[in-house]
J.: 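This is the structure I have questions about; it appears just below.
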Amino acid sequence: MDLIPREFFDRPSQEVAPDLLGCVLEHETAEGLVAVELTEVEAYAGETDPASHSYRGRTARNGVMFGPPGYAYVYFTYGMHFCVNVVCMPAGIPRAVLLRAGRVTAGEDLARRRRARWRSEASQESILPARDLARGPARLCQALAIDRTQNGLDVCSADGELRLRPADPGLRANGAIEVAVGPRVGVSAAADVPWRFWVAGDPTVSAYRLHKARVR
DNA sequence: TTGCCGATCTTCT
DNA sequence: GAAGATCGGCAAA
């Protein structure tokens, strides 16, 4: 199986995003391989997008977004969660696509163990439905064991531990992937921009949530 | 099924 | 010092 060529990512994130649906993200670790077929993504721009981490320029955190396309930008948020993006456009132009959800296609047992917090105490059997294993950006990272240490990895390298493979051509050809579009989830700024793309009707797509400002 | 709440800590103002 | 590209639990409807 081939990997997605770097040129695929060398264009605007809102063009790359819908084309990523059906593609397969896999992470190979000492524990084994877990792969997900992407069912939900969001595009983020740079200086023109107030919801983007790169809106206010380059910082220590978002540096990878300013690099060449085809690399993973992983960030930590809400004090406990990680999210993965794939960088788009040439170096110097900060664009990325957030990988929000997917369907586990390999290593389901391992993915389930990594999300093992959700078990029935009595049976020790996982009571988590398969569709919830990677249903949401932080859950997807949990299932694939993605954290800070994967930030900046090349997803176009066959030698890399984190890889992106093209969608099964059959899936798209026979219309099995119907792309739906809508506003992004959980963002307070530019909440009206329809840069969220998902596979219509797919149960692994996360629920839409309006951004809620928290009062402390 | 919807909606609020707390957890938890990094990043930037 | 405040807000955040979230998640899971629980109460209310």
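Quick note on labels: first sequence line is chain A, next is B, and so on, each numbered from 1. Side chains are part of it too, since the values below use all heavy atoms of this structure and drop only hydrogens, waters and symmetry mates.
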J.: May I ask you to verify whether the side chain of A:His53 and the base of C:dA5 hold a donor-acceptor pair under 3.5 Å?
T.: yes
J.: Identify whether a stacking contact exists between A:Tyr44 and C:dA5, where the ring centres must be under 5.5 Å apart and the planes under 30° apart.
T.: yes
J.: B:dT11 C1' sits how many Å from A:Asn62 CG, rounded?
T.: 10 Å
J.: How many Å lie between CG on A:Asn151 and C1' on B:dT11, as a whole number?
T.: 14 Å
J.: Does A:Glu108 pair with A:Arg113 as a salt bridge, N-O distance under 4.0 Å?
T.: no
J.: When you check the gap from the basic side-chain N to the acidic O, do A:Glu42 and A:Arg184 get nearer than 4.0 Å?
T.: no
J.: Tell me whether A:Asp132 is salt-bridged to A:Arg135, with the criterion being a basic N under 4.0 Å from an acidic carboxylate O.
T.: yes
J.: Hey, would you say the A:Phe76 and A:His81 ring centroids sit under 6.0 Å apart?
T.: no
J.: Below 4.0 angstrom, N of the basic side chain to O of the carboxylate: do A:Glu31 and A:Arg114 qualify?
T.: yes
J.: Could I get a table of every N or O pair under 3.5 Å where one atom is in the protein and the other is in nucleotides 1-7 of chain B?
T.:
unit_1 : atom_1 : unit_2   : atom_2 : d
B:dA7  : N6     : A:Arg214 : NH1    : 3.0

J.: Any donor-acceptor pair under 3.5 Å linking the side-chain atoms of A:Glu161 with those of A:Thr29?
T.: no
J.: Round to a whole Å and report the spacing from CE of A:Met65 to P of B:dT11.
T.: 16 Å
J.: In which stems does DNA chain B show up, taking only runs of three or more Watson-Crick or G-U wobble pairs whose two distances fall under 3.5 Å?
T.: B:1-7 with C:6-12, B:9-12 with C:1-4
J.: A:Arg139 CZ to C:dA5 C1': how many Å, rounded?
T.: 15 Å
J.: Would you indicate what A:Ala138 reaches in the nucleic acid, counting non-hydrogen atoms under 4.0 angstrom: base, sugar-phosphate, or nothing?
T.: sugar-phosphate
J.: Can you measure A:Tyr73 atom OH to C:dA5 atom P for me and round it to whole angstrom units?
T.: 9 Å
J.: Counting side-chain heavy atoms from C-beta on, which of C:dT6, C:dG4, B:dT10 comes nearest to A:Phe76?
T.: B:dT10
J.: Is the phosphate of B:dC9, meaning OP1 or OP2, less than 4.0 Å from a side-chain N or O of A:Thr77?
T.: no
J.: Name the one of A:Asp19, A:Leu20, A:Leu38, A:Asn85 that satisfies side-chain contact (heavy atoms from CB on, under 4.5 Å) with A:Val97?
T.: A:Leu20
J.: Atom OH of A:Tyr208 and atom P of C:dC7: how far apart are they, to the nearest Å?
T.: 14 Å
J.: Compare the minimum distances between each of C:dT6, C:dG8, B:dT13 and the side chain of A:Arg56, then state the nucleotide with the smallest one.
T.: B:dT13
J.: Is A:Arg61 touching bases, backbone alone, or none of the nucleic acid, heavy atoms closer than 4.0 Å?
T.: sugar-phosphate
J.: Please confirm whether A:Tyr71 and A:Tyr73 have ring centers closer than 6.0 angstrom.
T.: no
J.: Could A:Arg11 and A:Phe8 be counted as a cation-pi pair, given that NZ or CZ must be under 6.0 Å from the ring centre and within 45° of the axis?
T.: yes
J.: What's the OH-P distance between A:Tyr55 and C:dA3, to the nearest Å?
T.: 18 Å
J.: Could you tell me whether A:Arg6 and A:Asp154 have a side-chain N and a carboxylate O separated by less than 4.0 Å?
T.: yes
J.: Can you check the A:Tyr75 OH to C:dT6 C1' distance for me, whole Å?
T.: 9 Å
